[in-house]
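Encoded as structure tokens, the structure appears first; notes follow it.
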Amino acid sequence: MRHPTKWSIRRVGAGCLALGLAFGVPGGAAAQEQPILIRGATILTAAEAGRIEDGAILFENGRIIAVGSTSEVEAPSDAVVIDGTGKFVTPGIIDAHSHIAADAINEGAVSVSSMVSIHDVIDPTDIALYREAAGGTTTSHIMHGSANPIGGNNAVIKHRWGEDAEGLLFEGAPPTIKFALGENPKRAGSPTLPGQEARYPASRMGVMDVIRQAFIEATEYKAEWDTYRARVAGGDRNAIPPRRNLTMDPLVEILEGTRYVHAHSYRADEILQLMRVAEEFGFRIHTFQHVLEGYRVADEMAEHGAHASTFSDWWAYKMEAYEAIPHNAAIMTRRGVNVSINSDSGEEGRHLNQEAAKTMKWGGLSEAEALATVTINAAIQLMIDDRVGSLEAGKDADIVLWENYPLSSYARVRTTYIDGEVVFDIDADMAMRAEIEAEKAELRELLGESDDPDDERDPGRRPGGGR
Amino acid sequence: MTRGSGNTTKQPGNTTDGRIGTMLKSIIGTAVVLGVAGLGAPAEAIAQDGGTFAVRGATIHTVANGAIEDGTIVLRGGRIIAVGRDVEIPADAEIIDGQGKHVFPGMIDSFSSLGLTEVGAVAVTNDASELGRWNPHLNAHTAIHPASEHIPVARANGITHTMAAPGGGGRFGGGGGSGIQGQATLIHLDGWTVEEMEIEKTAAMVIGWPTLSTGFRAFAGFAAPGGGRSFRRAQERFDEQVAEMDAWFVAADHYRQAVASGSSRVPRDIQLEHLSRVLDRGMKVIVRANGWREIESAIEFAEKWNLDLVIAGGNGAREIAGTLAEKNIPVILGPVQRLPQGDDTAYDDPNTLPGVLHDAGVEIAFATFNSSDSRTLPYEAANSVSWGLPQDAALEAVTLAPARVLGVDDRLGSLEVGKVGNLIVTDGDPLEITTQIEWVFIKGVPSDLDNKHRSLWEKYDSRPARRVTTTTT
Amino acid sequence: MNRTALARRLTGGVVPGLLLASLSGLASPASADAQYMPSQAPVPPPFFALRNARIVTGTGAVIENGTVVIANGLIEAVGADLDIPGDAWLIDVSGLTVYPGLFDGLSQVGLEAQGAADFGGVGGGGGNPLLALAQQPRTVGPEDRPATNSWVNAADMLNSEAGGIETWRSGGFTNALVAPDDGIVTGQGVVVNLAGDEQEMVVKAPAALRVTMSGAGGFRSFPGSLMGVIAYIRQLYLDADHSRQYEARYMADPSGQPRPTYDRALGPIQDAIAGGWPTVMPANEVRQIRRAIKLGRDTGGRPVLQGAHEAYGLADEIAAAGVPVLVDVDWPERNREADPEADESLASLKRRAYAPTTPARLEEAGVEWAFYSGSAGSPRAMMEKVRTAIEHGLSEEAALEALTAAPARIYGVDEMLGSVEAGKIANLVVTDGPLFDEDTDIRMVFVDGHRFEEEAPEPRPTEPPAADMNGTWLLSLNNDSQEATAELEVSEDGTISGLIRGERGEQQITDGWVSGNEFSITATATMGPGMEVEIVYTGTVEGDSIEGNASFGGAGNMDFRGTRPGGGVR
């Protein structure tokens, strides 16, 4: 049963949150005020419980308290109860490869750009955060671009629309870094201008060489620091610390296993070769991104222990994508690779549920397997699966309530919760549109521009209105 | 219910008589070209010897006349010869058991670059655009590559025909600037040569309308205005470009008159010759325009020259939906899966647009404006349904509506007796992602569903498991 | 006799409205080869007493009828009842008000244009920015010190004859923090007096370091992006610290050690860290403000936020961080060239509506903040924009402080500047009314105790317009076939307002009149990022044609002609 009064309170709250951000003013980190129970819905848990018909989910203080059949889950007396009859509930969608909400993506002039970090340039005002939440996306891996064999450091964020840059960051998400192979880092698409020096590398051979050289240097740099630390530990007061090198620091973390490599890749050969280079230096490629020919070396990837984050059905937009097939996710899954479907785009990030559904069509993944590609599998790839990615008691209340079946081209989100807070809701969104228009009118008046004929919309030009 | 359960049928054809597979190869060779370029005669002579096929006991979604439960549809000589519940199946018919299956008209991608481009980023594989801005004499059919890998990929998902148009291409429907981009060709997505594929060699003239754009954002930034131009300058530029367009039409009109006068001293001008065919509604004119002011300008222009106007793109068509309806100007809509423009625009603005236009009485058709993504056409339509476009209208907008928009609804777009046998047999709603397309009939015969993707899948799915050499303890 | 007195005698002393001419080129030291020559202009003794003054001291105190005694460039005494020394020249300023000289918190006034070729890295060079970029040396890592001009000291770039100095001084500005403009680290900022020769001008050098976080080189040069710039700044500070440690250790025991590598970029950074130099960093939007604060924290630099247009929502946070702020008075304005159909976003409207409330919010929150001119091209434009802040809730007292004592404190010159107090440098402005009143004129300015008398503004010609100049004019400016259109609107009393649209953008008309068939139009044009120029069009009008001369802020002249195709349309 819906409790209209309480519902409307939450709705206004959501509106304010979104409005606050539109002003560029930080919104307060509002904690979930009341327990919420959604019941009578079909719950796709992305956990062992699988699909629960006539299910209920209770969450409070930003955490999931219970998931089960409606008869099993009891609501505290102060809970807001939402009737989910005919509706579906899934975990918040996790986008393992995104480029939204950042003021910079590529540090492109160097072959190794590990000194830079997306953390420094998060743009919390990017409306894509909200628009993707309206498609059920609650967590995104904001990645450096693919201009360099070794790229910059990435950031994992939640779509807490209204928070500042710091507030978006997924607390405790292990650090990751971007690598890139193939056409982009060898700059095949960016021919050198006259008078401009070409940037090495220009071949896949050179790409591997750049990576190998960087790790040779990183190994030496690490040794320098290890020596220094040993001297200090040995009581040497004259030891001078080596120069801190921000380009090398992340590579040392990779060698030490505290920073995880997400490598942009297309062709099977480069996927294989990068694994071998990593093995040479004793680390693992944590996740291959795009990995459109992963289906050709899925066994090798599984053996290496690499995950795969791919597209649903994009192909032929560039030479190295010409042999891409939509069955890629299914083949890799069947051969034991953990596979996610990502967006790489602020548009695609609004309907990853539909992209996941394509893995059912192409290659025949099950409903649970398909959902996992945009939830728990992505969480595993980002090593945040203890917090998000499935609907289980104790996890973050990142939850999507769908109007209809989510793995469908007809799917539509009703409400998206992050940490138990509404970040998107159909009704709140409608209310917000009016609020924004009212606010704009007020501001124009404040600016003395309200009588400006430029701002008057021709009343004849309305939906359906003739002109 | 097997939908999406992983119970995928790899070989749709393998449940029926293997003869069909054999036939597949033979019939294409004997198929006769459908339609004759330029004549626009109702197609009659299609595959005469294509065989007879019947889908029996299926739900038949005619689009024109509702759905028929437990119905049968019979194809012969390339055409639909019977549809209904009590239909006599000719003795020589190949019969497909339609139990639990659904039959729909084949879908049409109303504006694509299928056959005109292969690898987006590889310039030498792209033939969708030509140099220069005034190319009314160019025709897509001269560059359509029947062996493009994109065609079987689209076909396997139920796209049976498309308008392949110049000036398109680009993954997000970009491409083409202001100018006359050339003639689009309506093709079946099957055939050994383009001549076998053609439905209408010249389906429409494609024009890119000038855009009224300042090139910078409207808000007060911190940087000095730069890079863009003032609105006044943008308007001037727009007006100049429209005037330039008009000059071509004036010249074409003059050329037509001069030629009609029988004068022997008129030098042949291939550009004007082709352009003059659009005058007095002699040919469809598809104008690519998105903003309402551009659309309005195109409408005004079309009225001046009495053009048979279709708008393609139409992102801003909401603003003048009433006008479009009143003047019976159809809109070929671009992808629904696109970002709203402007930070304050509703998140679902692209989703609601088709429903708004439909409610206002505007004829709409969907298109991908793409090649490799053409197979996603049905999902663009479906993405509007939860935002107000009726289910029937969404289906119609990828079948019968585009046939009407392109003027071939006498032959295509619905399952009616006498129409060309372009249909698909599915296990469900073709607009739904998880639905499997089990049969595709083009010109009355089963089309090969194999394609680059399927064969690579089959090949690598059956790669022997790698022998992992582990040094066990 | 000290050097400057000699110089003054040699050059003919200070003549109101006339700048000191340097004897032998730029900033020459006391020149040994300067030959004695009798002064060609009178040099009065440097003692003055301003009597019967209303004195707004800038410390909070207002003396209704007092005296300021000036001697040898300093304020000797201030008070209501003073014994006036006999050597002082009495100046009766009855009815006038004495204020501390105004201080522009960040400016380029008096700086020689910085040639890109002189300094490493990205930036510089007017004209085509892409071309300028292509001509820069390619840098491929932090070690190349891209766009790092930390050793460049604005004091070495001064040109006492630069056109802007007199303009700003006449507008009451006696001081500015001037800093180089090129690069990621642009160089060292200097507090200057707006009079005197290049050496006399300097009050404190260096007084600040300036970092722009711009100059990203795209895919060509490192750093190519904002995050690259930030990473680079971090590395630069780490390197400065490491090099300091290493050099100290090396000097103590060089034997067997590789010698330190000379790096001209690092010394000033080390000095800035050690000396706690204010480090000016651009920060307009909320996230930029937070980034600058964080970067300051991470590097050990002492950030001063520059811009702060969205600081209205963050005043408490800024106060808590203890970070000073330079507020750009050039409030965001609506883009008048924008498509009228384009929907201005809520965020943009908010920014335009609330940016001018930033000063009041900062004041409330107790933030240390000052105004700077930004791209306000003239003191008149700047004061106009300060008035906007006052209309949005800022007290006049706080506005005055933000133009005097506050910038002096931020740059550590508050012992010398910022108020009318005995012992401070005699930089004063004397007005005929309250400083922030629109009608108030500046009558006298003292810099280093030298009097610059401002002529009472020339009254505008009062002849009624002989021609109706309303309408849209097409102007052609004749030296490089530039074209422009002007939309003029003339009011009853002959005041001209409107817009001039040139090929490089729009010029806002700030002042103008038509009298008889003569007219004058003053317009402000943006010539490049952060660069505004005042253009004065003067000429005559005859029916539907005009002609005359346009003066570009003293930087050049062009003739123009114009017609009015549409005729006079009201």
Side-chain angles (χ1 to χ4, degrees), chain A residues 19 21-26 102-113 115-125 127 144-145 147 152-153 164-166 187 190 193 195-197 199 238 240-247 436-437 439-440 442-444 446-447 449 452-455 457, chain C residues 134-135 138-142 146 216-232 234-235 238-239 241-243 245-246 248-250 252-253 257 285-288 290-291 294-295 310 312-314 317 334 338-341 343-354:
Chain A
L19 275 174
L21 195 90
F23 309 161
V25 171
D103 284 322
I105 293 299
N106 269 303
E107 177 55 48
V110 289
S111 301
V112 177
S113 63
M115 76 293 278
V116 305
S117 175
I118 294 290
H119 281 256
D120 284 333
V121 290
I122 297 280
D123 174 9
T125 68
I127 188 71
H144 185 275
N153 301 289
D164 67 3
E166 209 63 29
R187 316 274 338 114
S190 313
L193 297 168
Q196 187 180 327
E197 280 175 77
R199 195 198 78 178
N238 289 323
I240 301 172
R243 171 185 178 242
R244 274 277 306 282
N245 184 331
L246 297 180
T247 310
I436 287 174
E437 280 318 307
E439 175 102 29
K440 283 178 153 185
E442 266 174 49
L443 288 168
R444 286 197 190 97
L446 198 64
L447 288 162
E449 295 168 3
D452 191 329
D454 287 354
D455 288 331
R457 293 257 158 176
Chain C
Q135 287 162 352
R138 182 162 177 256
T139 53
V140 295
F219 275 60
R220 184 176 179 275
S221 235
F222 174 86
S225 65
L226 176 62
M227 63 188 161
V229 170
I230 293 173
Y232 171 62
R234 288 218 174 90
Q235 184 72 61
L238 285 172
D239 287 352
D241 186 50
H242 179 257
S243 132
Q245 285 185 50
Y246 187 79
R249 195 61 54 86
Y250 179 81
D253 181 17
Q257 300 291 332
E285 297 180 50
V286 167
R287 63 188 187 279
Q288 294 170 331
R290 288 181 168 143
R291 269 176 208 149
K294 181 166 190 294
L295 190 59
E310 282 186 357
Y312 57 85
L314 284 181
E317 193 173 321
R334 182 175 191 189
D339 185 340
E341 271 292 316
D343 187 26
E344 185 176 5
S345 72
L346 181 58
S348 171
L349 282 165
K350 277 288 256 195
R351 193 180 296 145
R352 289 205 289 122
Y354 295 136

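Both the backbone and the side chain of C:Gln235 come within contact range of chain A, each with at least one heavy atom under 4.5 Å from a heavy atom of that chain. For C:Tyr232, no part sits under 4.5 Å from any heavy atom of chain A, backbone or side chain. Proximity to chain C involves both the backbone and the side chain of A:Ile118, based on heavy atoms less than 4.5 angstrom apart. Contacts between A:His144 and chain C at a heavy-atom distance below 4.5 Å involve the side chain alone, from C-beta outward. Only the backbone of A:Pro242 comes within contact range of chain C, judged by heavy atoms closer than 4.5 Å. Both the backbone and the side chain of A:Leu246 come within contact range of chain C, each with at least one heavy atom under 4.5 Å from a heavy atom of that chain.
You'll find the side chain of C:Leu238 stays beyond 4.5 Å of the side chain of A:Arg243, heavy atoms only. No side-chain heavy atom of C:Val286 sits less than 4.5 Å from a side-chain heavy atom of A:Asp164. In this structure, the side chains of C:Met227 and A:Ser117 stay at 4.5 Å or more apart for every pair of heavy atoms.
We find that A:Arg444 and C:Glu344 are not joined by a salt bridge, their nearest charged nitrogen and carboxylate oxygen being 4.0 Å or further apart. Residues A:Asp120 and C:Arg234 are paired through a salt bridge, judged by an N-O separation under 4.0 Å between the basic side chain and the carboxylate. Between A:Glu449 and C:Arg352 there is a salt bridge, since at least one side-chain N of the basic residue sits less than 4.0 Å from a carboxylate O of the acidic one. Taking 4.0 Å as the cut-off between side-chain N and carboxylate O, A:Asp103 and C:Arg291 count as a salt-bridged pair. With respect to the salt-bridge test (charged N to carboxylate O, under 4.0 angstrom), the residues C:Asp343 and A:Lys440 qualify.
In terms of heavy-atom pairs under 4.5 angstrom with chain C, the leader among A:Ile240, A:Val112, A:Ile105, A:Val110 is A:Ile240.
Between A:Leu447 and C:Ala353, the shortest heavy-atom distance links the atoms CD2-CA, 3.7 Å. The two residues A:Ala104 and C:Ser225 have their closest heavy-atom pair at CB-CB, 3.9 Å.
Note: C:Leu349 CG to A:Glu442 CD = 11.5 Å, rounded to the nearest 0.5 Å. Separating the CD1 atom in C:Ile230 from the NE2 atom in A:His119 is a distance of 13.0 Å, to the nearest 0.5 Å.
In this structure, the side chain of C:His242 engages the main chain of A:Pro241 through a donor-acceptor pair within 3.5 Å.
Counted within 6.0 Å of CD on C:Gln257, heavy atoms from surrounding residues, nucleotides or ligands total more than 12; the atom is thus considered enclosed.
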**Prompt:** Passes side chain to side chain contact (heavy atoms under 4.5 Å, CB included), A:Thr125 versus C:Arg287? Steps please.
**Reply:** CA-CA 9 Å; A:Thr125 68; C:Arg287 63 188 187 279; 3.5 Å; yes
**Prompt:** Hey, mind stepping through C:Lys350 and A:Glu439 against salt bridge (Lys or Arg N to Asp or Glu O under 4.0 Å) and telling me if it holds?
**Reply:** CA-CA 9 Å; C:Lys350 277 288 256 195; A:Glu439 175 102 29; 3.7 Å; yes
